[in-house]
Amino acid sequence: MADAKESTETRIAQGLHYVDPQSGGVIPPIQPSTTFARDADYALISGAHSYGRDENPSYAAAESMLAELEGAEDALVFSSGMAAAMAVIQALAPGDHIVAPKVMYWGLRNWLVDFCANWGLELDLFDATLSGDLERTIRAGKTKLVWIETPCNPTWDVVDIAASAAVAHAAGARLIVDSTVATPVLTRPLALGADIVMHSATKYLNGHGDVVAGVLA
Ligand SMILES: Cc1ncc(COP(=O)(O)O)c(C=O)c1O
């Protein structure tokens, strides 16, 4: 359990006090295996890892750290920010209503408009900088997901997460926050009432321009 007195930066540097059980190394090794050994009774030798697409000890170390930083029950890493976002939208059913901002990462907004039209999801875009526009756009009992991005790419406008969560929850919807730009160092959307946090970890979470990844927490 994290010491509340420690800064986020310190907790990141400590990496949950990871120690590799085999070598004593303090950095988790990268496990490249796609498949994991079983014994003569077909039981998994590790007791857990089965197949790389589902689960891999290298992802688990990053996911635990991200869940801890976001104050989330759990976190999942994806092959890109777009893949993380698509996983949430594809969990909805035809006929569900989504509310998303007019200004958000353009690649995701364009995909969302096309995907919703092709898959029978209803989408309405709102102006996140206009007071009351989310209330006017949301449909109580029909809207399943409210999407916000803050600060939003490319205007860097800041959206009120707690107020958006209150509007979403009053209508029976869930709030997802694309927190790519803020990272958990600056903002923890779950503590402000959001239900899911999403990141393009390709950006500031990675910070070195050498990884494409996405996160849901
Ligand atoms: C705010 C935001 N969300 C999502 C994405 C998509 O993430 P990725 O490029 O990792 O698929 C980006 C990419 O620029 C972004 O800036």
Side-chain angles (χ1 to χ4, degrees), residues 8 12 30 52-53 56 58-63 65-67 69-72 74-92 98-119 121 123-130 133-134 137 144-165 168 173-217:
T8 305
I12 293 169
I30 293 171
R53 172 158 37 75
N56 172 302
S58 308
Y59 316 155
E63 287 167 345
M65 184 78 238
L66 289 160
L69 290 173
E70 290 289 6
D74 207 350
L76 289 172
V77 291
F78 291 81
S79 56
S80 67
M82 288 295 282
M86 289 172 184
V88 173
I89 303 300
Q90 290 176 344
L92 297 172
I98 304 172
V99 176
K102 286 181 182 160
V103 177
M104 61 190 284
Y105 170 57
W106 69 271
L108 184 50
R109 196 204 45 226
N110 287 0
W111 175 83
L112 198 57
V113 168
D114 282 351
F115 183 81
C116 288
N118 292 335
W119 286 71
L121 291 162
L123 173 69
D124 279 311
L125 302 179
F126 75 107
D127 184 343
T129 63
L130 197 61
D133 208 38
L134 177 56
T137 312
K144 290 288 183 299
L145 190 71
V146 173
W147 193 287
I148 61 171
E149 183 179 303
T150 183
C152 48
N153 177 358
T155 59
W156 267 214
D157 282 321
V158 172
V159 181
D160 187 331
I161 297 172
S164 305
R174 289 192 178 145
L175 178 73
I176 178 164
V177 179
D178 182 339
S179 193
T180 295
V181 173
T183 81
V185 174
L186 300 178
T187 308
R188 296 171 80 226
L190 301 181
L192 297 169
D195 300 288
I196 308 172
V197 187
M198 180 241 139
H199 290 277
S200 165
T202 316
K203 309 290 163 8
Y204 307 102
L205 263 186
N206 167 256
H208 297 276
D210 57 5
V211 169
V212 178
V215 180
L216 294 177

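In each ligand, atom 1 is the first atom listed, and ligand 1 is the first ligand listed. The basis for the numbers below is simple: all heavy atoms, side chains too, and nothing from hydrogens, waters or symmetry mates.
- Using a 4.5 Å cut-off on side-chain heavy atoms (C-beta onward), W119 and Q90 make no contact.
- Within the 4.5 Å cutoff, the side chain of V159 has heavy atoms near those of the S164 side chain.
- In this structure, CD1 in I89 is found 7.0 Å from CD1 in I176, a value given to the nearest 0.5 Å.
- Remark: the D114 side chain and the N118 side chain contain no N/O donor-acceptor pair separated by less than 3.5 Å.
- For a heavy-atom separation below 4.0 Å, the residues in contact with ligand 1 are S80, G81, M82, Y105, E149, N153, D178, T180, M198, S200, T202, K203, A213.
- Take D195 and apply the side chain to side chain donor-acceptor pair (under 3.5 Å) test, not counting sequence neighbours, and it matches H169.
- Between T129 and V103, every side-chain heavy-atom pair lies at or beyond the 4.5 Å cut-off.
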